[in-house]
Amino acid sequence: MTALLSAPLTVSAIQYEALGGGIDANVPEHVRLIEDADSHGARLVVFPELSLTGYDLPLLRSGDRFDGAVQFHDGEQWVAPADHRLDPIREICRRTGITAVVGAPFREPDGTPRLASLAVHPNGAEEASFKTHLHGDELPLFEAGQEPLLLDVDGWKVALAICFDAAHPAHSGAAAAAGADVYAVSALYTQEEGHRLGLHLGARAMDNRMYGILANLGGPTPLGPSCGLSGFWGPDGLPMQQAGGTGTEVVTAVLRRGSLERYR
């Protein structure tokens with residue numbers, strides 16, 4: 001057990017420019033990017049907020065909508081437990097041994113709507129973490145979650161956060177109190193928010209002496225152009241590695257326990 005806990009963890013943060021066309025269009029790209037991360041030795045892959053649909057909230061409202069030649073009906077772009085449309089992601093995780101965290105609008109079995117990060121494990125298990133700090137147009141669409149979910153990946157405790165959760169120190173504090181080694185944020189930060197992004201991720205990592213990870217939506221979005229900057233922060237709060245542009249990019253880093261131990 002000691003050898004397992006001391007082993008480094010290789011993680012890929014996926015900066016992703018979501019495609020039009022909803023879930024069916026974006027699942028194959030998720031599979032391709034997980035395969036790319038596997039070539040870098042990743043054991044954990046983190047995608048941005050609402051990566052399976054893009055941050056397109058009107059797509060999730062009731063009624064019909066056309067996106068180019070594609071017509072969407074109410075409910076089609078919401079993910080359900082054991083949703084068969086995610087089978088290709090399940091299969092690539094099984095084949096590579098990777099745990100993938102994907103962003104999706106999610107309906108619980110009782111119909112409760114959530115803004116979720118869904119963790120797909122290689123053994124077939126799935127876990128869902130829900131955004132706690134909803135804001136703006138999210139409020140009428142989703143119900144807020146509670147405590148951050150902690151994943152166990154090769155003995156590392158990885159807490160999941162979604163965008164505005166990272167602006168609230170109590171969220172990462174609860175994750176740290178639960179034993180988190182890593183705070184993984186799936187988000188959308190636009191080009192005016194690059195400075196705020198750095199402050200949030202650096203402070204959450206430094207204050208709680210854990211690694212920070214950001215997977216940001218890339219490219220143009222309904223809220224404005226992305227600022228990019230997906231990547232990693234050390235437990236000293238300093239950036240380790242970040243995306244070089246604002247489009248789709250796989251950013252990979254090796255997290256080592258020695259760095260955590262120096263600050264704990």
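Only heavy atoms go into these numbers, but all of them, side chains included; no hydrogens, no water, no symmetry mates.
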With a 4.5 Å cut-off on side-chain heavy atoms, are V46 and S186 touching?
yes
CZ/R256: more than 12 non-hydrogen atoms of other groups inside 6.0 Å:
no
At what distance, to the nearest 0.5 angstrom, does OG of S172 lie from CG of N208?
4.0 Å
Same cluster or not: L60 versus I162, using hydrophobic residues (I, L, V, M, F, W, Y) connected whenever any side-chain heavy atoms lie under 4.5 Å apart?
yes
Quick one, F232 and V11 - any side-chain contact, counting heavy atoms below 4.5 Å?
yes
Looking at every heavy atom in both P235 and S259, which two are closest together, and how far apart are they?
CG-O, 3.5 Å
F47 side, atom CZ; I89 side, atom CD1 - distance, nearest 0.5 Å:
7.0 Å
Looking at F142, I'd like to know if the NZ or CZ of R114 sits under 6.0 Å from its six-membered ring centre while staying within 45 degrees of the ring's axis.
no
Sequence neighbours left out, what pairs pass side-chain hydrogen bond (donor to acceptor under 3.5 Å, both in side chains) with at least one residue falling in residues 230-251?
Q15-S230
For a 4.5 angstrom cut-off between non-hydrogen side-chain atoms, does V158 reach L44?
yes
Is the closest basic N to carboxylate O distance between R43 and D154 below 4.0 Å?
yes
Less than 4.0 angstrom from a charged side-chain N to a carboxylate O is my criterion; do R85 and D24 meet it?
no
Which heavy atom in I98 sits nearest to a heavy atom in A42, and how many Å separate them?
CG1-O, 3.2 Å
Quick one: do R209 and E261 make a salt bridge, cutoff under 4.0 Å?
no
Is there a side-chain contact between L33 and V45, using heavy atoms and a 4.5 Å cut-off?
no
Is there a path from M210 to L9 through hydrophobic residues (I, L, V, M, F, W, Y) whose side chains come within less than 4.5 Å of each other?
no
L197 and side-chain contact (heavy atoms from CB on, under 4.5 Å): which single residue from T190, L229, V185 fits?
L229
Would you find a donor on one side and an acceptor on the other, under 3.5 Å apart, between the side chain of N26 and the backbone of I23?
no
Taken to the nearest 0.5 Å, the spacing of I14 CD1 from R32 CZ works out to 9.5 Å
hydrophobic_cluster_shared for W156 and Y183, side chain cutoff 4.5 Å:
no
Using a 4.5 Å cut-off on heavy atoms from C-beta on, say whether the side chain of Y189 contacts that of L214.
yes
Would you compute the distance between atom CG of L52 and atom CH2 of W78 and round it to the nearest 0.5 angstrom?
13.0 Å
Considering only NZ, NE, NH1 and NH2 on the basic side and carboxylate oxygens on the acidic side, decide whether R107 and D83 come within less than 4.0 Å.
no
CA sep, side-chain torsions, deciding dist, call: E143, F130, side-chain contact (heavy atoms from CB on, under 4.5 Å)
CA-CA 9 Å; E143 295 290 332; F130 307 132; over 6 Å; no
Find the distance between CZ (R61) and CG (D56) and round it off to the nearest 0.5 Å.
9.0 Å
At their closest point, which heavy atom of S51 faces which heavy atom of A18, and how far apart are they?
O-CB, 4.1 Å
Is a donor from one side chain sitting under 3.5 angstrom from an acceptor on the other, for Y55 and E138?
yes
Do H200 and H195 make a side-chain contact, defined as non-hydrogen atoms from C-beta onward lying under 4.5 Å apart?
no
With no hydrogens and no angle check, is any side-chain donor or acceptor of T132 less than 3.5 Å from a backbone partner on Q146?
yes
Do NZ/NE/NH1/NH2 and the carboxylate oxygens of R95 and D38 come within less than 4.0 Å?
no
ILVMFWY cluster, L141 and F164 together (side-chain gap under 4.5 Å):
no
Can you tell me if H40 and D36 form a side-chain donor-acceptor pair at under 3.5 Å?
yes
Check whether M206 and L201 end up in the same hydrophobic cluster, where Ile, Leu, Val, Met, Phe, Trp and Tyr are linked by side-chain heavy atoms less than 4.5 Å apart.
no
If you compare all heavy atoms of S117 against all heavy atoms of V101, which two are closest, and at what distance to 0.1 Å?
CB-CG1, 3.8 Å
Side-chain contact, heavy-atom cut-off 4.5 Å: R204 with H171?
no
Heavy-atom pair of closest approach, residues T99 and P122
OG1-CD, 3.4 Å
side-chain contact (heavy atoms from CB on, under 4.5 Å), that's the test. Do S226 and Q191 meet it? Break it down for me.
CA-CA 5 Å; S226 169; Q191 65 181 8; over 6 Å; no
Would you sort out whether L260 and L255 count as a side-chain contact (heavy atoms from CB on, under 4.5 Å), showing the intermediate values?
CA-CA 9 Å; L260 288 176; L255 311 186; over 6 Å; no
Judged by atom type as modelled, is there a donor-acceptor pair below 3.5 Å linking the side chain of T112 to the main-chain atoms of E108?
no
When every non-hydrogen atom of E49 is compared with those of L115, the smallest separation belongs to OE2-CD1, 3.6 Å
Under the criterion side-chain contact (heavy atoms from CB on, under 4.5 Å), I'd like the reasoning laid out for V79 against L86: C-alpha separation, chi angles, the key distance, then a yes or no.
CA-CA 9 Å; V79 173; L86 304 192; 3.9 Å; yes
Hey, is R196 close enough to E193 for a salt bridge, meaning N to O under 4.0 Å?
yes
I'd like to know if the side chain of Y16 pairs up with that of N216 as donor and acceptor (distance under 3.5 Å, no hydrogens or angles considered).
no
Do side-chain atoms of D181 reach the backbone of K157 as a donor and acceptor pair under 3.5 angstrom?
yes
Once you measure the plane-to-plane angle for H168 and H133, does it fall in the parallel (<30°), tilted (30-60°) or perpendicular (>60°) bin?
parallel
Within the 4.5 Å heavy-atom criterion, are V102 and H30 side-chain neighbours or not?
yes
Would you say CG of D137 has more than 12 non-hydrogen atoms from neighbouring residues, nucleotides or ligands within 6.0 angstrom?
no
Side chains of H121 and E127: is there a donor and an acceptor less than 3.5 Å apart?
yes
